[in-house]
Amino acid sequence: MGKSIPAGGPERVVALADGVFAIAITLLVLDLSVPRGLDSAQYQDALYELIPDLGAYALSVAVLGGFWRDHRRIFGPVRQVDSGLVSLSLLGLGIAALLPFPTRLLADYGGEPASAAIYGAAVAALGATHLAMSVLVARRPWLRDGAATDVGSGRDLLDPVVTVVVFVVTVPLAALVGPQAMLWWLILIPARVWTARAGRRVR
């Protein structure tokens with residue numbers, strides 16, 4: 001594989017990522033509201049109707065926050081970017097900026113299998129771009145000025161691979177069992193504990 005041409009430092013890419021993730025998380029909040037002029041009963045009903053919105057909001061904040069942290073970790077050892085790394089980063093940021101849309105689908109149409117499938121596909125696609133960036137950084141040492149890094153190593157890829165697999169499985173699972181496929185995402189809790197322990201054992 002030929003050596004790519006560096007295109008400057010990573011500062012602008014990291015700053016852009018910070019902005020995109022911040023805006024995406026902010027957009028999640030815009031639909032959280034209670035109408036004015038309600039009586040007590042209507043007010044209680046409006047609060048109850050917000051529960052799906054708050055659940056979808058909490059889920060997407062956790063997802064976006066995790067990927068923002070992952071993006072900064074990937075770029076931690078990077079000293080120069082090239083067109084390949086910039087393109088992958090922009091692709092991932094585009095997907096991250098899109099996430100408020102499937103979040104709204106979950107909140108408004110959580111009973112529809114397509115909502116779970118679309119959300120799962122979006123998160124899996126975002127995870128796949130981060131995996132690709134990790135591998136790229138690992139395989140192009142000149143972007144790191146030759147510095148050693150754990151980015152792109154087996155233990156480093158373990159957690160994001162599990163995340164991508166879990167959300168990819170959501171797509172066919174939603175077609176089989178409907179919106180209950182979202183319960184499958186709970187497997188990420190023990191999976192994250194396992195990958196963390198596995199990573200420590202490798203170290």
Query - Pairwise side chain to side chain donor-acceptor pair (under 3.5 Å) hits with a residue in residues 164-181, at least two apart - result: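 For residues 164-181, and leaving out neighbouring residues, the side chain to side chain donor-acceptor pair (under 3.5 Å) pairs sorted by first residue read Thr170-Trp185.
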
Report task. Provide the full list of ring-ring contact (aromatic ring centres under 6.0 Å, His included) pairs with a residue in residues 24-66, sequence neighbours left out, each pair given once. Result ->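 For residues 24-66: none.
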
Report task. Kindly state each residue pair satisfying ring-ring contact (aromatic ring centres under 6.0 Å, His included) with at least one member in residues 75-117, sequence neighbours excluded. Result ->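 The answer is His71-Phe75.
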
Could you state whether [X] and [Y] fall into the same hydrophobic cluster, counting links through intermediate Ile, Leu, Val, Met, Phe, Trp or Tyr residues with side-chain heavy atoms under 4.5 angstrom apart?
{"X": "Leu64", "Y": "Leu105", "answer": "no"}
{"X": "Leu27", "Y": "Leu99", "answer": "no"}
{"X": "Ile187", "Y": "Phe167", "answer": "yes"}
{"X": "Val165", "Y": "Val63", "answer": "yes"}
{"X": "Leu88", "Y": "Trp142", "answer": "yes"}

Checking [X] now: which residues fulfil side chain to side chain contact (heavy atoms under 4.5 Å, CB included) with it, not counting sequence neighbours?
{"X": "Glu49", "value": "none"}
{"X": "Pro77", "value": "Val137, Arg144, Thr149, Val151"}
{"X": "Arg72", "value": "Val14, Asp18, Trp68"}
{"X": "Val162", "value": "Val166, Leu188, Ala191, Thr195"}

**Report entry** CA sep, side-chain torsions, deciding dist, call: Leu59, Thr103, side-chain contact (heavy atoms from CB on, under 4.5 Å)
**Finding:** CA-CA 8 Å; Leu59 173 64; Thr103 301; over 6 Å; no

Requested in this report: With rounding to the nearest 0.5 Å, note down the distance linking CD1 in Ile74 to CE in Met133.
Outcome: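 Output value for this atom pair is 4.5 Å.
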
Query - Separation between CG of Leu93 and CG of Leu98, rounded to the nearest 0.5 Å - result: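 Interatomic distance, Leu93 CG to Leu98 CG, rounded to 0.5 Å: 12.5 Å.
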
Report task. Sort and list the pairs that fulfil salt bridge (charged side-chain N to carboxylate O under 4.0 Å, His left out) and have at least one residue in residues 90-107, not counting sequence neighbours. Result ->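 Of all non-adjacent pairs touching residues 90-107, those that pass salt bridge (charged side-chain N to carboxylate O under 4.0 Å, His left out) are Asp31-Arg104, Asp53-Arg104, Arg104-Asp108.
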
Report task. Return each pair, listed once, that meets salt bridge (charged side-chain N to carboxylate O under 4.0 Å, His left out) where at least one residue sits in residues 110-122; pairs must be two or more places apart or across chains. Result ->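 Qualifying pairs, neighbours excluded: none.
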
Query raised in the report: Where the side chain of Gln44 meets the backbone of Ala41, is there a donor-acceptor pair that is under 3.5 Å apart?
Result: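 Looks like no, no N/O pair under 3.5 Å.
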
Query raised in the report: Would a distance-only check, ignoring hydrogens and angles, find a side-chain to backbone donor-acceptor pair under 3.5 Å from Ser89 to Leu85?
Result: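 Not at all, since once roles are kept as given, no pair shorter than 3.5 Å links the two residues.
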
Query raised in the report: Run the side-chain contact (heavy atoms from CB on, under 4.5 Å) check on Leu38 and Asp45 step by step: do they pass?
Result: CA-CA 10 Å; Leu38 303 179; Asp45 290 341; over 6 Å; no

**Report entry** Asp70: side chain to side chain donor-acceptor pair (under 3.5 Å) partners, not counting sequence neighbours
**Finding:**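 Arg73, His130.
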
Using distance only, find each side-chain donor-acceptor pair of residues 117-128 under 3.5 Å and give its atom names and separation, not counting sequence neighbours.
{"residue": "Tyr119", "atom": "OH", "partner": "Ser60", "partner atom": "OG", "Å": "2.8"}

Requested in this report: List the steps and the verdict of side-chain contact (heavy atoms from CB on, under 4.5 Å) for Leu143 and Arg79.
Outcome: CA-CA 6 Å; Leu143 299 181; Arg79 298 295 174 265; over 6 Å; no

Requested in this report: May I have the step-by-step check of side-chain contact (heavy atoms from CB on, under 4.5 Å) for Leu131 and Val164, ending in yes or no?
Outcome: CA-CA 9 Å; Leu131 281 171; Val164 170; 3.8 Å; yes

Query raised in the report: Nearest heavy-atom pair of Ala46 and Val34: which atoms, and what distance?
Result: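 It is CB-CG1, 3.9 Å.
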
Query raised in the report: Taking all non-hydrogen atoms of both residues, which atom of Ala97 and which atom of Val20 are closest, and how far apart?
Result: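 Residues Ala97 and Val20, closest heavy atoms: CB-CG1, 4.2 Å.
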
Query - Side chain to side chain, Leu16 and Leu90, heavy atoms closer than 4.5 Å - result: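 They are in contact (side-chain heavy atoms under 4.5 Å apart), so the answer is yes.
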
Report task. Indicate yes or no: at least one non-hydrogen side-chain atom of Val135 is less than 4.5 angstrom from one of Leu157. Result ->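 Result yes, sub-4.5 Å side-chain heavy-atom pair found.
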
